[in-house]
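Note that the structure is predicted; figures quoted are calculated from it, not measured.
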Amino acid sequence: MASTRMRRTAYRDPTLATLHADLTRRRREPLLAVLARARDRGELAAGVDLEVVTDLLASPFFYRRFVAHAPIPPTLVDDVVSHVLGPST
């Protein structure tokens, strides 16, 4: 996989590490923006760490895909959101 090779190479190459960090940041920005709006509306606690919430929401999918090589069941999105953010009302 190209993304796996890029991550491995980024550990050794400062230029590639910078590019990888920028790509990761840009991929996280939309979710961080959604979570910030939810916090501003009072739907999330004022002191919630949005970076940690983003990690918690994204990690199960990354783990299943790249570590466990397991399928992502259709219910996983709702399950993860419910566990991380609480059940929807």
Quiz: residues 28-36 side-chain donor-acceptor pairs under 3.5 angstrom, not counting sequence neighbours:
unit_1	atom_1	unit_2	atom_2	d
R28	NH1	D55	OD1	2.7
R28	NH2	E51	O	3.2
R28	NH2	E51	OE1	2.7
R28	NH2	D55	OD1	3.0
E29	OE2	R25	NH1	2.4

> For L44 and V48, which heavy atoms make the closest approach, and how far apart are they?
Replying inline: CB-CG1, 4.1 Å
> Considering residues at least two apart in sequence or located in another chain, which fulfil the side-chain contact (heavy atoms from CB on, under 4.5 Å) criterion with P73?
Replying inline: R64, T75, L76
> Got a sec, which residues hit side-chain contact (heavy atoms from CB on, under 4.5 Å) with A68, two or more places apart in sequence or on another chain?
Replying inline: Y63, A70
> Once you round to the nearest 0.5 Å, how far does CG of L56 lie from CG of L85?
Replying inline: 9.0 Å
>> Tell me whether I72 shares a hydrophobic cluster with F62, the cluster being built from Ile, Leu, Val, Met, Phe, Trp, Tyr side chains joined at under 4.5 Å.
In response: no
>> What I'd like to find out is whether the side chain of R39 reaches to under 4.5 Å of the side chain of E43, using heavy atoms alone.
In response: no
